[in-house]
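All values below were derived from every heavy atom in this structure, side-chain atoms included, with hydrogens, water molecules and symmetry-related copies excluded. Quick note on labels: first sequence line is chain A, next is B, and so on, each numbered from 1.
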There are 2 protein chains.
Amino acid sequence: MEMNDDIKERLKECGLKNTKHRKAILDFMFCSRVPASAEQVYIQMNGQGTSIDLSTVYRTLETLREKGLLIKHDRLNDTRALYEYNRMEHKHYLVCLGCNKMLPIKDCPLAEYERALEKATNFVIAGHKLDIFGYCAECQEKGLQE
Amino acid sequence: MEMNDDIKERLKECGLKNTKHRKAILDFMFCSRVPASAEQVYIQMNGQGTSIDLSTVYRTLETLREKGLLIKHDRLNDTRALYEYNRMEHKHYLVCLGCNKMLPIKDCPLAEYERALEKATNFVIAGHKLDIFGYCAECQEKGLQE
DNA sequence: ATTGCAAATGCAAGTCATTTGCAATATACA
DNA sequence: TGTATATTGCAAATGACTTGCATTTGCAAT
Ligand SMILES: [Zn+2]
Ligand SMILES: [Zn+2]
Ligand SMILES: [Zn+2]
Ligand SMILES: [Zn+2]
């Protein structure tokens, strides 16, 4: 399978051994279009027949993050961290305050603003982090949007 | 003392009993110009002669946040949450990657964008958090800007 | 000033996500 | 195939925060 070979290759590039756990996790993260928590990964793995311990999930996610293969979102408003495959794209997130779902937004409204800000402040701007909070359609229906 | 009376008044407005703990904590938060963790508040209180239990600090900070007197910053990059007095200002920060200086920006470039986003996504947007990273003029001179 | 009662507090124990020590196992590569 | 090293499972630990409960305190009505 092509994607699998690609994943295997990326692990090798990083000097990581190609274990079934790592391959399965990286594969899942690659296919998932929303960030996932360690527990979600754990449930997914064991549900799909890849028996793995929760501590191994944590260790693996952290290892992959260190190597730049994953991005870690440090507890935005939930109590747990979320990871996602690093597609090397600049994005922002719509974070639901009801269910903690994160919806990636490719669009960035700040390029122009940053240029103006550089002139106004004498800062050299290197980047930014923008998260937008609100309530998703489902949570609105549940009446959680208070 | 004027500020103290003011603090007392604000507690009353919120339907909170005016206890020495609450007054001391809110007073400290009001005077502190940087966000503080529960533990920092705990150390400060006990250091200034206001003996208090850590769990009470947690409960008090949370109560004051519920009433809108404090803002909670949920674990920025540390593992612990920070609280600050709510001065009812919407701001962002230019954060220097060289010296960690934070330059407040009152201006917000996102009002228009949020409206467009609501339409495009069906989210009800409640707020956002934007931090811009870069290098201040001094750090540029020191050649720290990578 | 006294009293009654809900709110606030201290203390100890409990959560819960995440981390760590260590022995057992799997992988890469000679 | 053998072996050094990385990875894993399991159980126990960590650390920030929360909670149950008995006691104390603020405050308002007497
Ligand atoms: Zn939602
Ligand atoms: Zn952007
Ligand atoms: Zn600087
Ligand atoms: Zn803004």
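The side chain to side chain donor-acceptor pair (under 3.5 Å) check on A/Glu138 picks up A/Lys101, with sequence neighbours excluded. Residues meeting the side chain to side chain contact (heavy atoms under 4.5 Å, CB included) test with B/Tyr58, sequence neighbours left out: B/Ala38, B/Leu54. Remark: A/Asn18 pairs with no residue by the side chain to side chain donor-acceptor pair (under 3.5 Å) rule, at least two apart or across chains. Evaluation of the side chain to side chain donor-acceptor pair (under 3.5 Å) rule for B/Gln48 yields B/Gln44, B/Thr50 as partners, not counting sequence neighbours. Partners of B/Lys20 according to the side chain to side chain contact (heavy atoms under 4.5 Å, CB included) rule, which considers only residues two or more places apart in sequence or in another chain, do not exist here. A search for side chain to side chain donor-acceptor pair (under 3.5 Å) contacts involving B/Tyr85 returns B/Arg10, not counting sequence neighbours.
Counting to the nearest Å, the P atom of D/dT18 and the CD atom of B/Glu39 are 14 Å from each other. A/Gln40 places its CD atom 16 Å from the C1' atom of C/dT18, with the value rounded to the nearest Å. When the P atom of C/dG14 is taken as reference, atom CG of B/Leu54 falls 18 Å away, rounded to whole Å. One interatomic measurement links the two molecules: CD of A/Glu62 to P of C/dT20, which rounds to 10 Å at whole-angstrom precision. Remark: P of D/dA16 and CG of A/Asp74 are 14 Å apart, rounded to the nearest angstrom. As a whole-Å value, the separation of B/Tyr83 OH from D/dA16 P is 14 Å. Between the CD1 atom of B/Ile43 and the C1' atom of D/dA16 there is a distance of 14 Å, given to the nearest Å. At whole-Å resolution of the value, OH in A/Tyr42 and P in C/dT18 are 14 Å apart.
Heavy atoms of A/Ile52 sit under 4.0 angstrom from primed sugar atoms or phosphate atoms, though from no base atom.
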Pair pattern of DNA chain D in dot-bracket, where unpaired bases get dots and | marks partners in another strand, Watson-Crick or G-U under 3.5 angstrom: ||||||||||||||||||||||||||||||

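At least one side-chain nitrogen or oxygen of B/His21 sits closer than 4.0 Å to the OP1 or OP2 atom of C/dG10. Taking 4.0 angstrom as the limit, B/Tyr58 places none of its side-chain polar atoms (N or O) nearer than this to OP1 or OP2 of D/dT18.
Residue A/Arg80 has its side chain nearest to C/dA17 when only D/dA16, D/dG9, C/dA17 are considered.
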For residues 89-98 of chain B, tabulate all N or O donor-acceptor pairs below 3.5 Å that involve a side-chain atom, not counting sequence neighbours.
{"unit_1": "B/Glu89", "atom_1": "OE1", "unit_2": "B/Lys91", "atom_2": "NZ", "d": "3.4"}
{"unit_1": "B/His90", "atom_1": "NE2", "unit_2": "B/His92", "atom_2": "NE2", "d": "3.3"}
{"unit_1": "B/His90", "atom_1": "NE2", "unit_2": "B/His128", "atom_2": "NE2", "d": "3.1"}
{"unit_1": "B/His92", "atom_1": "ND1", "unit_2": "B/Leu130", "atom_2": "O", "d": "3.3"}
{"unit_1": "B/His92", "atom_1": "NE2", "unit_2": "B/His128", "atom_2": "NE2", "d": "3.3"}

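With respect to A/Glu112 and A/Arg115, a salt bridge is recorded, a charged nitrogen being found less than 4.0 Å from a carboxylate O. Looking at B/Glu9 and B/Lys12, no side-chain N of the basic residue comes within less than 4.0 Å of a carboxylate O on the acidic one, giving no salt bridge.
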Going 5' to 3' through nucleotides 21-30 of chain C, assign each nucleotide B (protein heavy atom under 4.0 Å from a base atom), S (under 4.0 Å only from sugar-phosphate atoms) or - (no protein heavy atom that close). BB----BS--

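Projected onto DNA chain D by closest heavy-atom contact, B/Ser37 and A/Val57 fall at different nucleotides, the more 5' of which corresponds to A/Val57.
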